Amino acid sequence: MSDEQQLKPEERARQWIDRKLEDAGWKVVDRDEYAPGMSAVAIRETLMRGGLEADYILLINGKAAAVLEAKRAEISLDNPNLIAQAENYTKQVLPWYPTWELPLPFVYLSNGKEIAFKDCHQPDSKYEIIPRFPRPWDLVRKLNLGEFDGLPYLSPKGLRNCQFEALTNLEKSFKEGKRRALMSLATGSGKTFTACMMTYRMLSFTPMKRVLFLVDRNNLGTAAATELKTFTLTESGKPLSEIFGVEQLTSHPVDSRTRVVVSTIQRLYSQLTGNTDDYSEEDEDAGLGHQEGETVELPENPALPSDFFDLIIIDECHRSIYSDWQKVLTYFKTARLVGMTATPIPETLAFFDNNVVANYTYEQSVMDDVNVAFRIYRIKTELTEEGGTISEGDKLIVTNRKDEKQRNQTAIQDRAFDKNKLNRSIVVRDQIRKVLEEYKDAVYTKLYPEREPNYDYLPKTLIFAVSELHAQLIVDVAKEVFGRTDDNFVQKITYSVNDANGLIKKFRTDVDFRIAVTVTLVATGTDVRPLEVLIFFNDVHSETLYAQMKGRGCRTITPSQLRSVTPNAISKELFYVVDAVGVTESEKYVASLEQGKAPLNMTLEELFEKMALGHLPDDYFHLLASKLSCLGHRADPEELKEYEAISPITPVMWAKTIMEALEKGNLPPFKSASDDNRERMDVVRDLLTNIPARKKLVEIAKGYVKEIIGKTDTVISAGFSTEEAKASTHAFETYVNEHRDDIEALRLIYNQDSGKLTRAAIDDLVKRLEMSIPNFYMGRLWNDYALLNPTKVKPLKSDQQAVTNLIQLVRFAYKMIDSLYTLNSMAASRFALWCGQAQRTITKEQQELFRKIAIYIAQNGSCDIRGLIKTMPELAGGVIRFCGSADAANKELFSLNEFILKAA
């Protein structure tokens with residue numbers, strides 16, 4: 001007989017009612033479990049006046065709104081006694097119970113099969129059978145309460161703790177009347193999933209009619225729209241797109257039936273202005289939309305009304321909602337705004353009124369197994385640390401940044417360049433080669449020594465370059481280093497390539513695509529879970545951008561999913577940051593974006609164009625003189641020599657001429673370009689009419705990238721940070737020493753009673769270490785000891801996954817052993833010793849039986865016959881037959897445990 005069949009009829013009815021209430025969004029609790037802050041609650045067995053008890057009272061935001069009387073299935077809901085009892089309860093609420101009205105206005109009856117309802121607001125109303133219990137929002141509307149009072153109980157089921165906390169705090173914030181809120185959630189913690197739940201609840205249980213999900217780039221919008229459409233954590237289990245229309249904004253007008261709109265701010269602006277053909281997907285992905293110097297201006301009658309959206313969720317809100325773009329956002333005056341980012345900047349906090357409803361850091365996400373930790377592998381070369389020299393006679397390939405045209409050049413004098421120019425204005429192919437060769441040598445010896453060395457399955461690697469040109473050079477060198485002639489193994493994913501979105505998808509799943517090279521396109525928001533290595537050739541100084549870049553590698557992935565794209569992988573326990581330029585050591589700043597229109601600093605090209613048309617105010621003369629003076633003092637001698645072949649007047653001479661004309665004060669005042677400005681024009685006429693000289697100056701101003709042909713570089717050092725290793729091992733040793741008396745596994749190891757160390761005890765210790773030590777990972781800790789004690793510790797290889805490695809790590813920390821070795825490596829010799837000391841003859845078959853058990857113990861910890869029956873029943877049967885009984889088998893196993901697990 002099932003448990004349900006054994007229940008009494010009243011209990012079966014209550015179970016059915018509880019389930020139906022929870023399905024409708026009510027949290028069902030006993031009266032001693034109610035706590036302040038519960039928004040939609042059904043309280044069981046509520047005390048009433050006269051010692052009565054109502055089966056359920058329904059509370060909305062802490063105030064009673066309805067009574068629910070429950071009976072067993074045999075009792076009809078039109079029973080007069082039942083009705084009289086329930087309606088009496090509406091008048092018997094105790095004085096300390098908050099209520100919306102007295103008597104309680106709503107009555108529900110149920111017998112575990114049907115539900116009846118009566119609204120006591122209506123005179124002479126009768127009970128009607130209804131298909132389900134009301135949602136909290138249904139009662140809120142009947143009571144004419146606040147717009148967020150009907151939000152049902154938010155179940156944590158299906159949500160991470162950080163998501164549950166963020167949504168709970170957001171809804172509380174809205175109920176308090178706040179209109180803007182910020183969720184600071186670590187990369188990988190599920191911001192889009194949180195937004196899906198927020199969207200569903202606001203559209204389902206509040207008066208909100210339409211939600212805008214604003215994304216940073218079009219490719220992120222495609223991913224967000226897909227996740228919104230397929231979100232199924234709904235009451236009915238139906239996808240969100242079947243309940244509310246979900247649409248990614250294009251050049252077509254918004255369908256009025258659509259309830260969820262996904263867009264970039266540029267595309268939204270095009271809809272408001274009606275200029276929908278002015279914006280391509282490439283523009284949206286590059287963050288473009290209007291020309292430099294132009295302002296974002298909304299028309300007098302925008303195409304969408306200002307109350308079109310009730311809620312705007314802004315993803316990556318540290319970026320594109322400032323300066324003029326903010327006008328697009330704030331046009332929707334009635335909308336509530338929720339920002340989401342992993343890296344808020346000061347302007348972000350200010351824009352959202354410092355109302356932070358969630359602050360979930362990367363460190364917390366690692367502790368919660370939401371993300372994985374990272375480890376730094378530093379590569380230093382002579383050029384990256386010290387800079388270098390361009391020598392007279394060096395052959396150069398010069399790329400003009402203005403139009404990317406290339407030409408050959410010969411250096412005409414010696415000059416030094418500092419390390420900050422490397423990979424920016426100076427490129428040395430051999431520096432890239434040396435770094436990638438070091439990475440190739442280290443990837444299967446230091447980073448992933450436990451994996452079969454197979455470069456066809458090189459861990460998915462993302463390389464951050466400085467520029468498009470630099471990215472292409474890295475692709476070319478990587479092909480050489482890894483011996484590839486195909487176009488699959490390493491590819492560039494930048495704004496210049498066709499179908500960048502398709503390449504990102506391919507990088508996630510294609511086994512042959514192992515290295516992606518990007519500048520910033522894959523630096524933020526892009527989810528590539530199999531990614532395991534980030535290589536920095538760009539010394540990023542923005543703290544926000546650096547955190548976003550690192551966030552590309554932190555996503556978790558199941559072992560089976562990882563092996564589907566990296567077949568020689570075991571699991572993803574952490575990711576590596578390969579730092580080739582000092583990005584992990586350089587000083588970082590938090591960028592401050594000045595809101596509003598920034599003062600315009602024109603380019604030299606724009607300045608020439610406007611002055612040539614006769615727009616010649618004094619500030620243009622000052623700006624031109626300043627730019628020309630800087631060019632004259634900073635330009636490479638080869639470029640100045642080429643300019644001087646076009647114009648006899650150097651940039652510095654022009655700057656002096658302009659300043660002298662201004663200082664004399666003889667120039668007539670400038671009013672407009674339409675006036676007679678010949679005297680002012682005469683000052684710069686020869687420069688402005690010399691078109692080749694102008695173009696050369698613009699070219700110099702935009703800059704060059706110069707590759708020094710044949711120059712070589714040398715790796716100075718490469719390896720993990722010893723400071724990190726010291727901190728890691730110190731934290732571990734401190735913890736195990738402080739807890740050796742109160743954690744079973746530590747107590748057994750310290751007391752040399754390791755024969756009793758079970759897998760459960762070891763797993764418990766692992767969990768405690770992961771909760772207490774940031775970024776704890778057994779394999780990493782072992783290799784930290786190897787880094788600090790290379791003569792006493794060998795890096796882990798094939799034994800990496802053995803949980804008994806932790807026993808050895810603890811012993812090494814307690815100084816019980818002088819060198820660190822795996823129990824697996826000693827299992828064969830220990831087993832032979834155990835066999836030699838046996839008091840009875842053991843056949844070869846029996847020896848093989850116990851040898852398998854010894855290997856299991858070396859990998860998993862001690863076992864007894866009961867545990868062996870569960871894990872390896874065939875071996876357990878053999879042991880019992882050999883020993884004659886389970887008790888005798890346990891004695892043999894205990895002896896074997898002691899031999900295999902004891903310290904040397």
Side-chain angles (χ1 to χ4, degrees), residues 158-163 185-194 196 219-220 222-224 226-227 230-231 342 360 362-375 377 443-444 447-452 454-464 489 491 493 501-516 518 522-535 547-578 766-767 770 774-780 800-801:
L159 296 173
R160 291 172 173 159
N161 289 340
C162 60
Q163 296 169 332
L185 295 168
T187 296
S189 58
K191 290 192 291 293
T192 306
F193 192 87
T194 305
C196 291
N219 66 319
L220 302 181
T222 302
T226 299
E227 191 163 348
T230 57
F231 177 77
Y360 188 65
Y362 168 69
E363 289 73 20
Q364 288 173 299
S365 72
V366 172
M367 296 285 281
D368 293 342
D369 286 333
V370 170
N371 285 320
V372 297
F374 69 93
R375 187 156 192 208
Y377 189 82
V443 67
Y444 288 125
L447 275 60
Y448 296 99
E450 76 280 6
R451 296 187 185 179
E452 174 196 355
N454 186 337
Y455 294 111
D456 288 340
Y457 305 140
L458 182 80
K460 289 274 184 177
T461 302
L462 178 63
I463 300 178
F464 292 112
F489 184 81
Q491 299 180 61
I493 305 180
N501 293 340
L503 280 177
I504 292 171
K505 291 178 183 176
K506 184 180 178 184
F507 188 46
R508 289 190 187 109
T509 58
D510 191 337
V511 175
D512 296 327
F513 188 177
R514 307 313 304 175
I515 303 174
T518 191
V522 194
T524 63
T526 306
D527 180 5
V528 183
R529 290 184 180 275
L531 186 58
E532 295 185 276
V533 180
L534 306 178
I535 302 180
Q548 290 281 337
M549 287 174 157
K550 284 191 301 180
R552 298 317 96 215
C554 71
R555 306 294 180 115
T556 57
I557 186 172
T558 65
S560 59
Q561 288 173 327
L562 178 61
R563 285 192 290 272
S564 70
V565 290
T566 305
N568 65 342
I570 298 171
S571 61
K572 182 178 177 180
E573 304 290 347
L574 77 168
F575 71 98
Y576 289 96
V577 171
V578 178
V766 172
K767 287 181 181 178
E770 288 174 343
N775 304 338
F776 176 80
Y777 166 51
M778 209 187 307
R780 172 184 173 174
Q800 185 125 12
Q801 301 305 307

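Predicted model, so just to flag it, every value in this text is computed and none were measured. We're numbering straight along the sequence, starting at 1.
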> Under the side-chain contact (heavy atoms from CB on, under 4.5 Å) criterion, do Val565 and Asp510 qualify, and how do the steps go?
Replying inline: CA-CA 6 Å; Val565 290; Asp510 191 337; over 6 Å; no
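- Side-chain atoms of Asp456 never come within 3.5 Å of backbone atoms of Asp512 as a donor-acceptor pair (strictly under, hydrogens ignored).
- Contact detail for Lys460 and Pro530: the closest heavy-atom pair is CB-O, 3.6 Å.
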> Given Asp368 and Cys162, is the side-chain contact (heavy atoms from CB on, under 4.5 Å) satisfied, shown in steps?
Replying inline: CA-CA 10 Å; Asp368 293 342; Cys162 60; 5.8 Å; no
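- In this structure, Lys505 places its NZ atom where only 12 or fewer heavy-atom neighbours from other residues, nucleotides or ligands lie under 6.0 Å away.
- Side chain of Arg514 to main chain of Phe489: no donor-acceptor pair is present (N/O by atom type, distance under 3.5 Å, no hydrogens or angles).
- Thr518 places a side-chain N or O within 3.5 Å of a backbone atom of Ile493 that can act as its donor or acceptor partner.
- Side-chain contact between Leu447 and Pro459 is absent, with no heavy-atom pair separated by less than 4.5 Å.
- By the 4.5 Å heavy-atom criterion applied to side chains, Thr566 and Arg451 are counted as neighbours.
- Salt-bridge check for Arg555 with Asp527: passed, with a basic side-chain N closer than 4.0 Å to an acidic carboxylate O.
- To the nearest 0.5 angstrom, Phe513 atom CZ is 12.0 Å from Leu458 atom CG.
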> Can you check side-chain contact (heavy atoms from CB on, under 4.5 Å) on Leu574 and Phe374, steps first, answer last?
Replying inline: CA-CA 5 Å; Leu574 77 168; Phe374 69 93; 6.0 Å; no
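- Between Thr556 and Arg529 the shortest heavy-atom distance is O-NH1, 2.8 Å.
- Summarising the local packing, CG of Asn161 is surrounded by 12 or fewer heavy atoms from other residues, nucleotides or ligands at distances under 6.0 Å.
- Atom-to-atom distance recorded for Tyr360:OH and Arg160:CZ is 7.5 Å, nearest 0.5 angstrom.
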> Can you list the steps and then say if Glu227 with Lys191 is a salt bridge (Lys or Arg N to Asp or Glu O under 4.0 Å)?
Replying inline: CA-CA 11 Å; Glu227 191 163 348; Lys191 290 192 291 293; over 6 Å; no
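- Taken from CD1 in Ile570 to CD in Glu452, the straight-line distance is 11.0 Å, to the nearest 0.5 Å.
- Looking only at side-chain heavy atoms (C-beta outward), Arg375 and Val577 stay at 4.5 Å or farther from each other.
- In this structure, Lys572 NZ and Leu562 CG are separated by 8.0 Å, a value rounded to the nearest 0.5 Å.
- Taking both residues in full, the closest heavy atoms of Ala186 and Ser189 are given as O-OG, 2.5 Å, listed atom of the first, atom of the second, then distance.
- Ring geometry for Tyr455 against Tyr444 counts as tilted: the plane angle lies between 30° and 60°, on a 0 to 90° scale.
- In this structure, Thr461 and Glu532 have side chains that are not in contact, with every pair of non-hydrogen atoms separated by 4.5 Å or more.
- Between Val372 and Tyr362, the shortest heavy-atom contact is O-OH, 2.7 Å.
- Between Lys506 atom NZ and Asn501 atom CG the span is 14.5 Å, to the nearest 0.5 Å.
- Contact record, Asn371 with Ser365: ND2-OG, 2.9 Å, taken as the closest heavy-atom pair.
- No donor-acceptor pair under 3.5 Å is formed between the side chain of Glu770 and the backbone N or O of Met367.
- Side-chain N or O atoms of Arg552 include one that pairs as donor or acceptor with a backbone N or O of Gln548 at under 3.5 Å.
- The nearest pair of heavy atoms linking Ala224 to Thr192 is CA-CG2, 4.3 Å.
- When the options Tyr576, Tyr457, Tyr377 are evaluated for a ring-ring contact (aromatic ring centres under 6.0 Å, His included) with Tyr448, the one that passes is Tyr576.
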> Yes or no on side-chain contact (heavy atoms from CB on, under 4.5 Å) for Phe575 and Leu534, after CA distance, side-chain angles and deciding distance?
Replying inline: CA-CA 8 Å; Phe575 71 98; Leu534 306 178; 3.8 Å; yes
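- Between Phe231 and Phe193, the angle of the ring planes goes over 60°, which puts this pair in the perpendicular group of the 30/60° scheme.
- A side-chain donor-acceptor contact under 3.5 Å links Thr558 and Gln561.
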